[in-house]
Amino acid sequence: MNYLDELNDAQRAAVENISGPMMVIAGAGSGKTRVLTYRVAHLINNGVDPFGILALTFTNKAAREMKSRIGTIVGDGEARNIWMGTFHSIFARILRIEADHLNYPRNFTIYDTQDSKSLIKDIVKEMGLDPKIYKPGVVFGRISSAKNNLISPEAYQQNVDIVSEDHQTGKPKMAEIYLQYALRCFKAGAMDFDDLLFKTNVLLRSFPDILYKYQHKFKYILVDEYQDTNFSQYLIVKQLAAAHQNLCVVGDDAQSIYAFRGANIQNILNFQSDYPDFKQFKLEQNYRSTQTIVNAANSIIAKNKDQIQKEVWTSNDAGAKINVHQSFTDNEEGKYVAGEIFELVHRESKKYSEFAILYRTNAQSRPFEESLRKNNLPYRIYGGLSFYQRKEIKDLLAYFRLAANHNDEEAFKRVVNYPARGIGKTTIEKLTIAARNAEVSLWDVLKNPHTYKSGIANATQGKLNDFATMIESYAAELNSIPAYDLGHLIATSSGILKELYDDKSPEGVARYENIQELLNGMKNFSDQEDNTNPGRVFTLSDFLIDVALLTDADNDDDDDNKVSLMTIHAAKGLEFPVVFVVGLEENLFPSQLSLHSRSELEEERRLFYVALTRAEQIATLSYATSRYRWGTLTHAEPSRFIDEIDEKYINIENATRPKTPSLDFSSERQRFQSNTAPLFAQKASVKPVAKSTAPIEASDQGDIEAGQEVMHERFGKGKVLSVEGDPANKKATVFFPKVGQKQLLLRFAKLQIL
DNA sequence: TGGAATGATGTTTTT
DNA sequence: CATCATTCCA
């Protein structure tokens, strides 16, 4: 049981508390994952059946990693049987098992956001409403938040407050759209992301025997990132935990950053009233970051009103001050960050994977990509347009989906005429009209043109029949041959592969490669071994169950040595030695959409807190005074969040002369900027701070040879062991008592001979 | 019916 | 500035 020795008192207490309701408030970097992992292992070591443990995480990746770490303690065989995954994937699994209770097919389709919006667009059009008023994104958001608050279409329609609100915003038909949307999803045998939680609630509420079954199946329930659960998730957990009350929730109110999608911070604050006899554990010691970073982060979060009192502290070194860097444009910001990374890599032999660039919005990644590429710095972008959202991938997946579920209309519309097979707009229109009149699916009309009087010409009906025959031939193999074999067959015989192969444009080539990549992934999927069931064939049906809920973060090539670029949301739960938080400008971070209310601004502030606390050793904050936004150059003010950090933790890097009306954005300009005008001239609260340490005068690199004592800016005193390489690229191996042996390029390392 | 050209339109964050 | 969507032409 030596794993208990690896825990501090608070962590250990949480791990050893086996039964009853409990809440762990875990400050940033306080070893939350370790506690969760060890707690599950501890349960199993104390005789709890892994099949009876339900552990809900925020990402599939987190679940996978946790499972394998538990496996190293209790054995993989045991760990595999834990029900561990995201809310969405776990309850999708349960919904498939129980689908017939809800009159859904077992192999129901999961609509992603694109599918949902496309369906809403159709509905708005069919209802003859103005798509400018009923924008798909807005309508979808409204429906989504209704579902997350467990408001059914019927309840929505009857809710006076909601309906009058819709009238006030000029969208009186919202309730009807919601109703139609739910109906069409049902007819298509599809659930959207929110349905996976909503329908789970329906299932548990409407069928007491099913509720009973899962209550007694899951004797121990753990929920990670509890601060980011919404009402729908909260109620699922509450119902499931009601019988045994062995519920452990872990979270940090200071890191709640998903209120925009319905996450309710009240869930964490209300835990006490739901479970009056609960035990609370606070993890307050931070093992991740330097004192400077921890203290700076604390000084920021202190500005928020809504929070649970806690004191995050660390016994780590003080560490370097947080640099605050100003650029003139977004492009220069990119150059600056790439330059810093280049220098740290060469001067301190850091690995690329030790760096992260974090931004507020995905659109900000471009200048960083360019600069990194120019400097030959390998990088990986997380998020953005996910692999699975690319057109070519969605197209191929749509064939899979349609084979599994002929009523999946979003898939149908996507591929019925792609690649082009002479089924045009008018034909689709005829199909649609007939389908809506008879309240059946497009597929039904296609198969029975006479019954539904589609009025489609014979020649065209022939083409439709060919299409149907093709899809049905795929369907016949769905549960028999390996996923890869059928996937490859579909990609080829549908004509998609040829279509993309013939496109020799760079984008076309990239698309072709993406399809290949998907097929490679399917090959891996098909080839996996099921230890409990040797010889099992992993079919396309199996593949489809997983694929809808996969995200980019689940791609496993993160062992490479690359700089990470991602939004702060995507960085949650991760940590890096060196972090750049970029684009710290008013109206960008905090986002201008958040400025209307205190609670939204507080969420932005928590987001900033999350960003800063990702850093272990070095954190740099960066902003530009102007940047391209929707095509035009716009002026930007430094973010208020910079002002909010206690100034003793930051180091304002480059003072600049006052802004001039005539803007010259050439990079040359940086050379002029050494002048004296204080940064934030118009913001009285922050004053420029002198550099904490005098820069070390670099000695002429030619003089450095083995045996000498040298001084390094960051590593301190050291001894040169050897020097090698051609004169322009001399590399020295230096031993520093503080940090050990390092290889340094003399071109970059500012070494001073002592 | 299909493809190319032109216009409008929009940027928060994600399972 | 990009993507998308609609329109226009062959």
Side-chain angles (χ1 to χ4, degrees), chain A residues 56-63 85-92 110-114 116-118 121 125 131-132 135-138 140-141 144 147-148 191-198 225 228-230 232-233 256-263 330 358-367 382-386 388-391 417-429 457 459-460 463 503 507 546-554 566-572 583 587-595 600 603-604 606-608 610-611 627-634:
Chain A
L56 298 163
T57 61
F58 197 69
T59 63
N60 292 308
K61 191 181 175 192
T86 60
F87 271 91
H88 290 87
S89 62
I90 293 284
F91 294 114
I110 297 174
Y111 276 177
D112 67 14
T113 308
Q114 266 181 59
S116 298
K117 286 185 187 167
S118 149
K121 206 174 140 194
K125 203 164 145 194
K132 299 245 163 63
K135 292 182 191 148
V138 174
F140 176 71
S144 173
K147 279 189 196 161
N148 285 329
M191 297 198 197
D192 65 17
F193 288 138
D194 303 315
D195 280 331
L196 296 176
L197 307 172
F198 182 85
E225 310 282 12
D228 287 325
T229 53
N230 59 36
S232 185
Q233 292 166 320
S256 161
I257 54 176
Y258 283 95
F260 73 91
R261 104 177 176 208
D330 45 359
L358 307 181
Y359 34 75
R360 178 67 238 269
T361 67
N362 284 119
Q364 286 165 255
S365 69
R366 199 149 295 160
Y382 293 78
L385 229 215
S386 119
Y388 298 98
Q389 287 170 26
R390 285 166 205 232
K391 183 185 175 305
N417 195 35
Y418 178 82
R421 49 178 69 91
I423 301 169
K425 214 167 45 187
T426 34
T427 309
I428 304 296
E429 221 145 74
T460 315
K463 290 175 189 167
D503 183 350
E507 300 83 27
D546 290 343
V547 76
L549 297 171
L550 287 181
T551 60
D552 260 15
D554 296 318
M566 63 185 92
T567 63
I568 299 163
H569 285 88
K572 188 161 103 148
N587 298 329
L588 179 61
F589 192 12
S591 156
Q592 61 187 28
L593 294 152
S594 72
L595 300 179
E600 283 178 282
E603 174 145 319
E604 295 282 307
R606 291 192 296 269
L607 195 56
F608 183 47
V610 168
R627 94 170 36 238
Y628 277 94
R629 294 245 252 170
W630 50 89
T632 48
L633 198 60
T634 51

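Since this is a predicted model, take the numbers as computed values, not measurements. Below, read A as the first sequence line, B as the second, and so on, with proteins coming before strands; counting in each chain starts at 1.
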Review point. Which whole-number value in Å describes the distance from A/L197 CG to B/dT14 P?
Key: 18 Å
Exercise for review: Might you confirm whether atom CZ of A/R629 has over 12 heavy atoms from other residues, nucleotides or ligands at distances under 6.0 Å?
Suggested key: yes
Check your understanding: Heavy atoms under 4.0 Å, any strand shown: does A/N417 hit a base, just sugar-phosphate, or nothing?
Key -> sugar-phosphate
Check your understanding: Does A/D195 use its side chain to pair, donor to acceptor, with the backbone of A/Y111 at less than 3.5 Å?
Key -> no
Practice item. Would you indicate whether A/Y628, at its atom OH, is surrounded by more than 12 heavy atoms from other residues, nucleotides or ligands within a distance under 6.0 Å? Key: no
Revision key, fill the gap. A/N587 atom CG is separated from B/dT13 atom P, nearest whole Å, by 16 Å
Point to revise | Nucleotide nearest A/Y258 (side chain, heavy atoms from C-beta), chosen from B/dT15, B/dG10, B/dT14 | key: B/dT14
Check your understanding: Of all the nucleotides listed (B/dT15, B/dT14, B/dG2), which has the minimum atom distance to the side chain of A/T86?
Key -> B/dT15
Exercise for review: Provide, to the nearest angstrom, the distance between the CG atom belonging to A/N148 and the C1' atom belonging to B/dT14.
Suggested key: 12 Å
Practice item. Considering non-hydrogen atoms only, spot the tightest contact between A/N60 and A/T86 and give its length. Key: N-CG2, 3.5 Å
Revision key, fill the gap. Between OH of A/Y359 and C1' of B/dT13 the distance, given in whole Å, is 12 Å
Check your understanding: For the pair made of CG in A/D195 and C1' in B/dT15, what is the distance, rounded to whole Å?
Key -> 13 Å
Review point. Picking from B/dT15, B/dT13, B/dT11, which would you name as closest to the side chain of A/T567?
Key: B/dT13
Exercise for review: Could you check how far CD1 of A/I423 sits from P of B/dG2, rounded to whole Å?
Suggested key: 9 Å
Exercise for review: Nearest whole angstrom, please: distance from the C1' of B/dT13 to the CD of A/E603.
Suggested key: 8 Å
Practice item. Would you mind telling me which of B/dG2, B/dT14, B/dT15 lies closest to the side-chain atoms of A/T113? Key: B/dT15
**Study point:** Short side-chain to backbone donor-acceptor contact, A/N417 and A/I423, under 3.5 Å
**Key:** yes
Check your understanding: Expressed in whole Å, how much space separates the C1' atoms belonging to C/dT6 and B/dT11?
Key -> 22 Å
Exercise for review: Please test A/S591 against A/S594 for side chain to side chain donor-acceptor pair (under 3.5 Å), starting from the C-alpha separation and ending with a verdict.
Suggested key: CA-CA 5 Å; A/S591 156; A/S594 72; 4.9 Å; no
Practice item. Kindly compute the distance separating CZ (A/R606) from CD1 (A/I257), expressed to the nearest 0.5 Å. Key: 9.0 Å
**Study point:** Nearest-angstrom distance, P atom, C/dC4 to B/dT13
**Key:** 15 Å
Check your understanding: Taking for each residue the nucleotide of DNA chain B bearing the nearest heavy atom, is the 5' side occupied by A/G422 or by A/E600?
Key -> A/G422
Practice item. Give a yes or no on whether the backbone of A/A259 and the side-chain of A/E603 come within a donor-acceptor separation of less than 3.5 Å. Key: yes
Review point. At under 4.0 Å, does any side-chain N or O of A/N362 touch on OP1 or OP2 of B/dT13?
Key: yes
Practice item. Could you tell me whether the phosphate oxygens of B/dT9, OP1 or OP2, come under 4.0 Å of any side-chain nitrogen or oxygen in A/K132? Key: yes
Review point. In the 5'-to-3' direction, what one-character label does each nucleotide of nucleotides 1-10 of chain C receive under the scheme B = base within less than 4.0 Å of a protein heavy atom, S = sugar-phosphate only, - = no such atom?
Key: SS--S-----
**Study point:** Interatomic distance where CG belongs to A/L593 and P belongs to B/dT11 [whole Å]
**Key:** 10 Å
Exercise for review: For A/T427 and for A/S594, find the nucleotide of DNA chain B with the closest heavy atom, then tell me which residue's nucleotide is more 5'.
Suggested key: A/T427
